Amino acid sequence: MSAPERLAVFVSGGGTNLQAILDACRQPGYPAEVAVVACNVAGAFGMERARRAGVPVVLVPHRDFRSRAEHERAVLDALRPYGARTAVLAGYMRVLSPVLLDAFWDRERELPGVLNIHPADTRAYQGAHGYEFALGLVPGARRLSETRVTVHFVDRGVDTGPIIAQRRVPVLPDDDLERLRARGLAVEHELYPAVIRAYCEGRLSLAGGRVWWDGKPIELD
Ligand code: GAR
């Protein structure tokens with residue numbers, strides 16, 4: 001068996017997706033390990049989850065830097081000793097610049113080396129309030145009957161990269177933000193480790209702007 005893929009997981013907040021990934025990595029035969037956690041927000045609980053799992057943490061607050069590029073160069077410098085090849089964004093509330101995206105580009109597989117999870121269909125909503133969008137709580141939105149948790153490769157846009165996988169999450173009549181988020185996060189916690197597994201096993205490819213699983217293009221409805 002080949003060595004596990006070394007992940008850098010990026011967090012800004014509570015880190016429940018990080019926890020799901022840490023838990024998955026403990027399963028025998030899982031093809032990845034969390035080599036390091038990167039965080040941009042002092043006090044974020046995600047860092048505590050990493051420490052409890054014995055994973056090193058790199059805290060680089062973006063507020064200390066004048067530009068996005070400068071911040072990302074500092075993050076890359078701090079990450080270098082850990083040898084991570086893949087960046088997994090797990091509630092990392094920063095738009096990435098080419099500095100970070102290019103550093104993680106996987107030349108061997110010709111794939112972006114940065115993955116993200118998003119609480120909505122990225123074709124319908126981009127931004128930081130996916131569950132609020134599904135509930136009609138952001139300007140111009142109407143309440144939906146479902147949201148679709150999406151895992152995608154990160155490109156230079158905001159939540160515009162090629163979609164790798166989606167799962168439907170129903171929005172129930174008596175849902176408030178807390179209830180919908182809890183139901184959605186439970187789906188996120190299954191989907192993300194499954195996608196990371198497929199990525200690390202080399203089952204994903206990219207052609208014609210679309211992601212292919214095991215040589216077949218994904219179908220989105
Ligand atoms: C998750 O719902 C994730 O999908 C979302 O932030 C939350 C992080 O929760 N990401 C985005 O909205 C990215 N646009 P967590 O810190 O508990 O994993």
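Atoms within each ligand, like the ligands themselves, are counted from 1 in listed order. These figures come from a predicted structure and were not determined experimentally.
Around ligand 1, the residues contributing at least one heavy atom under 4.0 Å from the ligand are Gly14, Gly15, Thr16, Asn17, Gly91, Met93, Ile117, His118, Pro119, Gly127, Tyr131, Asp159, Leu185, Glu188.
Grouped with Leu185 in a hydrophobic cluster is no other residue, since no side-chain heavy-atom contact under 4.5 Å to another Ile, Leu, Val, Met, Phe, Trp or Tyr is found.
Using a 4.0 Å cut-off between charged side-chain N and carboxylate O, Glu70 and Arg68 make no salt bridge. At a threshold of 4.0 Å, the pair Asp23-Arg49 does not count as salt-bridged, since none of the basic side-chain nitrogens sits closer than that to a carboxylate oxygen.
The number of heavy-atom neighbours closer than 6.0 Å to CD of Glu108, taken from other residues, nucleotides and ligands shown, is 12 or below.
A perpendicular orientation is assigned to the rings of Phe10 and Tyr92, their planes being inclined by more than 60° (bins at 30° and 60°).
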* Apply side chain to side chain donor-acceptor pair (under 3.5 Å) to Thr160 and Asp155, showing your working. => CA-CA 7 Å; Thr160 51; Asp155 67 6; 2.6 Å; yes
